[in-house]
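Order of listing sets the numbers, starting from 1, for every ligand and every atom in it.
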Amino acid sequence: MSDYVSTFSYQTAICHAPQFAPRAYKHFTVSPVTGAIGADVEGIDLTTASDEAIAELEQALTDHLALMIRDQTLEPEQQIAFARRLGNPFPWPYAKQMDGYPEITELIQEPRDKYAFGGTWHSDSCNFESPPKFTMLYCVECPSVGGDTGFSNQYLAWEALDADLKAELDGVRAVHSAELGYGTGSQDPEVLANATTTVQYSADQFNEALHPVARTHPVTGRKALYVNDSFTASFEGKTQAESLPLLKKLWAHSIIPEFTGRLRWKKGSLAIWDNRCCMHYAHSDYPGHRREMRRIVIAGERPE
Ligand code: SIN
């Protein structure tokens with residue numbers, strides 16, 4: 001026998017129930033993509049949708065956490081107008097905004113680029129006191145394959161932790177730091193020279209926030225795990241070194257395949273996700289090809 005010990009085990013069967021029972025909507029159809037998270041939406045035009053259709057979309061987002069709405073043709077002002085129907089879009093402070101449209105960040109990856117924006121698991125701007133509730137991306141151009149956005153259901157991640165660990169973590173807060181996320185890594189000259197979209201960060205923009213490790217969703221009342229290895233520096237009152245062993249365990253747990261799904265892009269698709277209960281990941285598997293997205297974040301509440 002070798003010294004190698006296999007990690008083979010049986011994963012607990014787990015799913016997100018709404019994925020198996022999508023509602024019958026009046027204004028569009030919904031097709032869930034995995035048992036955990038995400039759905040394709042067809043049959044709605046976001047430029048002419050009625051208030052009733054927008055309310056249905058919000059319900060679908062509550063149920064499926066991340067939606068890929070197909071077959072849209074959106075000028076920047078139309079995307080902003082749609083975002084305003086869901087809340088308050090605001091200029092994201094860490095990147096240059098689109099000329100004339102301060103609410104839009106262009107995420108562009110050129111064929112020559114070696115690095116992609118957003119290629120780590122995270123929940124957007126969790127270093128803000130009040131992070132955005134929703135993020136939307138509109139696809140202007142994408143490769144024929146590759147460049148999917150991955151999502152991970154953090155209700156499932158919290159609920160699947162063992163009872164003792166949940167009891168230990170309930171009420172604990174963690175420090176989320178822009179310095180960790182955007183400080184060293186995003187200032188690397190190699191990255192800056194080889195990525196078209198980069199984070200514009202300087203130490204005087206430093207901001208960090210304390211948030212519950214398990215945040216309660218204001219609409220569903222369910223708890224979701226809220227830590228990630230891009231921004232979560234430590235537990236409140238503990239050093240980073242003291243926090244890292246448990247944080248690493250939580251990070252690995254939060255992205256196990258059974259919690260995840262990938263939404264596949266097509267030109268004219270618009271994705272929208274709920275940062276309060278899911279994380280996302282930009283797959284960087286298309287060197288030599290071009291991808292262009294227009295991103296808007298919509299203001300959220302302080303996590304509780
Ligand atoms: C992001 O992290 O906001 C970007 C995700 C993507 O480009 O797929």
Pairs under 3.5 Å, N/O atoms on ligand 1 and on the protein: can you put them in a table with the distances?
{"from": "ligand 1", "atom 1": "2 (O)", "to": "His122", "atom 2": "NE2", "distance (Å)": "3.1"}
{"from": "ligand 1", "atom 1": "2 (O)", "to": "His280", "atom 2": "NE2", "distance (Å)": "3.1"}
{"from": "ligand 1", "atom 1": "3 (O)", "to": "His280", "atom 2": "NE2", "distance (Å)": "3.4"}
{"from": "ligand 1", "atom 1": "3 (O)", "to": "Arg295", "atom 2": "NE", "distance (Å)": "3.1"}
{"from": "ligand 1", "atom 1": "7 (O)", "to": "Arg291", "atom 2": "NH1", "distance (Å)": "2.9"}
{"from": "ligand 1", "atom 1": "7 (O)", "to": "Arg291", "atom 2": "NH2", "distance (Å)": "3.4"}
{"from": "ligand 1", "atom 1": "8 (O)", "to": "Thr149", "atom 2": "OG1", "distance (Å)": "2.6"}
{"from": "ligand 1", "atom 1": "8 (O)", "to": "Arg291", "atom 2": "NH2", "distance (Å)": "2.8"}

Decide, yes or no, whether a salt bridge links Glu129 with Arg302 under the criterion of side-chain N to carboxylate O below 4.0 Å.
yes
So that I can tick it off, tell me whether Asp40 and Lys266 are bridged by a salt bridge, with the cut-off set at under 4.0 angstrom between side-chain N and carboxylate O.
no
If we ignore angles and hydrogens, is there a donor and acceptor under 3.5 Å between the side chains of Gln79 and Tyr101?
no
Cut-off 3.5 Å, side chains only: do Thr197 and Glu106 have a donor facing an acceptor?
no
Is Thr220 reaching over with its side chain to a backbone N or O of Arg222, donor-acceptor style, under 3.5 angstrom?
yes
Ring centres under 6.0 Å, that's the criterion: do His122 and Tyr281 meet it?
no
